[in-house]
Amino acid sequence: MASMVGATVVRKEDPALLTGRGRYVDDIQLPGAVSMAFVRSHQAHARVTAIDTEAARQLPGVLGVWTAADLEGLPATRSIPGMERPCLASDTVRFVGEPVAVVAAQDRYLAADAAAAVVVDYEPLPVLATIEQAMAEGAAPIVPGQASNVVMDQPLTEGDAEAELAAAPHRTSLRIRNQRLAAVPIEPGGCVASWDSTGLTLYATVQAPHPVRNELAVMFGLPQHEVRVVAPDVGGGFGAKASFYPEFILTAELSRRLGRPVKFVETRSENLVSMTHGRAQLQDIDVGFDDEGRLLAMRVAIVQDCGAWPDATGAGLPTLTIFMSGGCYKVGTIAASFRSVTTNTTPVAAYRGAGRPEAAYLIERVVDVVADELGRDPVDVRRVNLIQPGEMPFATQWPGIVYDESDYPRLLDTLLEHLDYEALKREAEERRRDPQRPLLGIGFSTFVEMGGFGPSPLFEQFGYIGGWESSTVRMNPDGSVVVSVGTSPHGQGHETAFAQIASDALGGIPMERITVRHGDTQTIQEGIGTMGSRAIPVCGPAVQRSSDKVRQKLLQIAAHLLEASEDDIEQDGERFAVRGTPGAEVTVAEVALTAYKPHKLPEGMEIGLQVMDYYEPTNLSYPSGAHACVVEVDRATGQVSVLRYVAVDDCGTVINPLTARGQVEGGLAQGIAQALLEEVVYDGEGQPVTSSLIDYQVPGAPDVPGMETHHVEVRTSFNPLGAKGLGESGATAAPQAVVNAVVDALSHLGVRDLDMPLTPFRVWTAMRAAEEGRAAAASDGTGPPPEAMRPDPAAPPPPDGMPTPPADGDDTWKVTP
Amino acid sequence: MRHDVTLRVNGVVNRHTVESRQLLVHHLRETLGLTGTHVGCDTSNCGACTVLLDGVAVKSCTVFTVAADGGEVLTVEGLAQDGQLTPVQEGFRQCHGLQCGYCTPGMVVSATGLLLDRPDPSPEEIREGLEGNLCRCTGYQMIVESVRWAADHGGPGAVAEAHRSRTEAGTP
């Protein structure tokens, strides 16, 4: 019997989604439902001096308008104790987009009218739009009751590694700004609350319905059985739908007060200021290394921008960054510390990778800078530092952070087999000498990240009740199967992948006889949710174990029916037979039916074919890979084009190559877009500049290159499935591959580093600045001679809007990239 | 102000009185209950709301219902017939051209419109043709392959072709 795990299978989810029969939150139309809309602050930091709701209340179709004063006693959202965010701002607003009031009206148009009619008077307060402003001497704390804006200040090591850095033959430093990003799931946030005599039901576009239920139960003082949270089809999440939002509490409270269902669906413009942002780290790195580029010591200091209200997960993300800051290398010692800082901006929390992409970018840029300083090939510097397969599992210096089995050198070798690196290097060199041709650069990313989030002692620290997952497998009397899982998908294809795992573990029950259910706290057993690449490595084994237990019972019943020893029973798909006894057969359906006829079961056997099981992982898993990017840089405009992107990933056991490819490519697109396009920008007054899709550059089809994806499968011993997780690898791997490639293309000009996103203007500015610096150095005799590569006098002028350097040497035109 | 509007949607004639400001996407979703057409932005960037209006792919968040009066609309719900997916829908299934599914109805309708205009597009032409539809999950390559699969297996589909030829003939 062919294994379904590892087979390319089209998805069970697709026919409904392709025909418009999906069911997302905004598709749920409950009888009598009304629309809720927010009045949001347009000030980044201000005292609220008056709110006039009278005109709004008089508009047609308006059921009510509520401010914080009208909802006294309403719970705040959970966070670090003392930093809980109220659902509505009361006396002070702390970021643009923070809700000040809510309205409920008959439909979304009338609700929008009413929200627009609420008049709020503000008295501006000093705005702390950046971490630098927020940490400045005398900056007033944004969160009340805090001593300063530094809400967490944690050294993770005792020493500062100064002695090791000083002793290293070479030493350098680097400052990295990992820019703020927006998750932008194409389905924005939203929920529908319906409070009736049996309790509260909340339909919400979330990644983890059980934790949302737990929160709501505590907040409203309800027992958990009176709160039902349903995640219907969820249109993307990328981590941002793992956060808890004020609308969950407010729709519930308004439904309780109005006695009607209340729906809220945010607009995209609201989404870009309301849904939690990601990344937003400033990193200072010192590194000591030897002549071959061995990393002897590193010091990492991170400042995490938390936004105005620290998110329970977001404030601690630098911990994950630091745990992964050594990457897939044997770094002598790492000294690390972080500070989490509040600013007058949208709160920051998990976004695809959540703390680990920031680490992978950090260490992969460090390796390239080290290679550049030594004049060595970045591939060679990687090789001397890579952890070897014989050294795995590899205990890092961080307690409990133990990398599982992989073969990092083989990943790199496999990548190079697909790349023809030597030819590319020759071409890059030729192009440098030919001013008519765009520059070429090659960038590498040999990365490792964390997946399989658990185990419970770790996951508790992120506010979850545990780090396990659950699965219930029920075989119906006709032999068909329903699998209920505790994870909650939003595009990953769980209904297909878990059916594949169950099919194998049940001995070959066909996929079409298996249905997978999820995302409803009333009908699914306890679960945790989908985040941290945990569904396959943590819930997969739960499905496997519960399926296997059902199969063991099937075998016992089959043996009983066939009057044979269990050891002699063979299964061939939907048929059991006695080994060596032709004709002694019984179908799975016959066995399943028997399970529901107690008088026909072996003495003492319980009725039914249903097993619920949990799986607690022994540790995190560590997906890894070796990626390369080849870029072309236009000399005249700074425009970067990705010519090739090659990915070799080790996610352990691949369940379905088709959906695995989808996960890798989707993540790569987000990572490439971080490198080239995306950034959430605030102006000096804390006003968001990127609050619509006109300004925030989500890549379209022409912006994303074709990608080549390959897998090397090294099973992890940390779970019985051997799977490590894959959802976050692409977004973790890609940014540094692209940036390393662009820096490589410009390295002969003396460009050493660039901050993302590498917009044409930023690249163009860096090229011009580097050329000018080199020309100046050459003319006073202190620098290397200018090369053949000089600005081409025949090249077209920069595009409109780009400043042009004046001839007189005045450099006030320069714009800091 | 309210207007009497007649629209033929997926072959069915509907008459309703609508407000001037009502967007076609809300008419489809909330008045007619055709929730397959989605809303993903408020600036006409994402394309999740794409439908065919009189043979042309349009963003139904950018069309007032009243402006479509007398027109013929084909939404994602109208593509498959008798449970048979169109080549475009089947292509997305075979080539994993969707993940969360939220952009998918707009993407499928846009791809259908693209194949009506250009039956044998190159990968580059597919990327350009779908520029107005954002997908955050797939990275687009598998969408490009899905549309190529459709081009090789029958094109836009019978319903869309009939819709195009009827509206070209000016008989909505």
Side-chain angles (χ1 to χ4, degrees), chain A residues 10-11 13-24 26-27 29 107-109 183-188 233-238 265 267-271 489-493 658-659 661-670 672 692-694 698-707 730, chain B residues 19 21-22 26 29-30 33-46 48 75-80 83 85-86 88-90 92-106 108 123-124 126-144:
Chain A
V10 297
R11 299 199 315 172
E13 290 87 342
D14 292 353
L17 301 177
L18 282 163
T19 51
R21 303 297 300 275
R23 186 174 183 246
Y24 301 86
D26 201 12
D27 302 341
Q29 318 256 28
D107 68 36
R108 70 180 79 227
Y109 287 72
V184 198
I186 303 298
E187 181 201 23
D233 285 324
V234 171
F238 312 113
V265 176
T267 65
R268 178 61 62 193
S269 301
E270 285 184 290
N271 167 265
H490 31 286
Q492 294 89 343
L658 191 67
T659 53
R661 190 182 148 207
Q663 286 297 308
V664 172
E665 291 190 356
L668 290 178
Q670 285 177 328
I672 292 168
S692 82
L693 288 184
I694 294 173
V698 171
D703 300 319
V704 181
M707 297 166 268
Chain B
E19 272 198 70
R21 64 174 176 174
Q22 189 196 51
H26 290 136
R29 288 179 52 80
E30 286 166 21
L34 295 170
T35 56
T37 302
H38 297 151
V39 179
C41 74
D42 42 14
T43 49
S44 298
N45 287 83
C46 82
T75 73
V76 68
E77 289 96 339
L79 294 175
L85 297 181
T86 67
V88 178
Q89 290 167 322
E90 190 60 39
F92 273 72
R93 182 162 189 242
Q94 292 299 324
C95 303
H96 192 32
L98 69 159
Q99 290 181 28
C100 82
Y102 196 79
C103 78
T104 306
V108 163
E124 292 69 32
I126 293 168
R127 285 182 188 271
E128 293 299 328
L130 298 179
E131 190 177 24
N133 291 74
L134 297 178
C135 169
R136 193 61 157 163
C137 294
T138 62
Y140 298 105
Q141 182 157 287
M142 296 174 101
I143 288 177
V144 173

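Bear in mind that the values here come from a model prediction, so they are computed numbers and not experimental data.
- Residue B:Asp42 comes nearest to A:Ser269 through the heavy atom pair OD2-OG, 2.8 Å, listed as atom of the first residue, atom of the second, then distance.
- For A:Val10, the side chain to side chain contact (heavy atoms under 4.5 Å, CB included) partners at least two apart in sequence or on another chain are A:Leu658, B:Arg93, B:Gln94.
- Chain A forms the most heavy-atom pairs under 4.5 Å with one residue out of B:Cys95, B:Cys100, B:Pro105, and that residue is B:Cys100.
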Derivation and outcome, side chain to side chain contact (heavy atoms under 4.5 Å, CB included), residues B:Asn45 and A:Arg268: CA-CA 10 Å; B:Asn45 287 83; A:Arg268 178 61 62 193; over 6 Å; no
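- The structure places CG of A:Asp107 at 7.5 Å from CD of B:Glu19, a figure rounded to the nearest 0.5 Å.
- Across all their heavy atoms, A:Ile186 and B:Cys103 have their closest contact at CG2-CB, 4.3 Å.
- Not one N or O on the side chain of A:Asp14 forms a donor-acceptor pair closer than 3.5 Å with the backbone of B:Leu98.
- At a 4.5 Å heavy-atom cutoff, the contact between A:Val234 and chain B is made by backbone atoms alone.
- Rounding to the nearest 0.5 angstrom, the gap separating the OG1 atom in B:Thr43 from the CD1 atom in A:Ile694 is 4.5 Å.
- Between B:Tyr140 and A:Pro699 the shortest heavy-atom distance is OH-O, 2.6 Å.
- Residue A:Gln492 holds its CD atom at 8.0 Å from SG of B:Cys137, rounded to the nearest 0.5 Å.
- When heavy atoms are compared at a cutoff of 4.5 Å, A:Pro705 approaches chain B solely by way of its backbone atoms N, CA, C and O.
- Residues B:Leu134 and A:Leu693 approach most closely at CD1-CD1, 3.9 Å, considering heavy atoms.
- Contacts between A:Tyr24 and chain B at a heavy-atom distance below 4.5 Å involve the side chain alone, from C-beta outward.
- Under the 3.5 Å distance criterion, the side-chain polar atoms of A:Glu665 are left unmatched by any main-chain donor or acceptor of B:Gly139.
- Neither the backbone nor the side chain of A:Asn271 has a heavy atom closer than 4.5 Å to any heavy atom of chain B.
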Checking B:Arg29 against A:Asp27 for the salt bridge (charged side-chain N to carboxylate O under 4.0 Å, His left out) test, could you report, in this order, the C-alpha distance in whole Å, the side-chain angles of both residues, the deciding distance, and whether it holds? CA-CA 8 Å; B:Arg29 288 179 52 80; A:Asp27 302 341; 2.8 Å; yes
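- Residue B:Thr104 touches chain A through its side chain alone, counting heavy-atom pairs closer than 4.5 Å.
- Test A:Gln663, A:Arg11, A:Arg661 against B:His96 for side chain to side chain contact (heavy atoms under 4.5 Å, CB included) and you get one pass: A:Arg11.
- Looking at B:Arg136, its side chain never comes within 3.5 Å of a backbone N or O of A:Val698 through a donor-acceptor pair.
- Of the two parts of A:Ala183, only the backbone, made up of N, CA, C and O, holds a non-hydrogen atom closer than 4.5 Å to a non-hydrogen atom of chain B.
- Neither the backbone nor the side chain of B:Val88 comes within less than 4.5 Å of any heavy atom of chain A.
- Using a 4.5 Å cut-off between heavy atoms, B:Glu90 does not touch chain A at all.
- Of all the heavy atoms in B:Glu131 and A:Pro702, the pair that sits closest is CG-CG, 3.8 Å.
- In this structure, B:Phe92 and A:Leu18 approach most closely via the heavy-atom pair CB-CD2, 3.5 Å.
- Heavy-atom pairs under 4.5 Å with chain A peak, among B:Thr138, B:Thr75, B:Leu79, B:Leu34, at B:Thr138.
- No part of A:Leu668 comes within reach of chain B, as not one of its non-hydrogen atoms sits under 4.5 angstrom from that chain.
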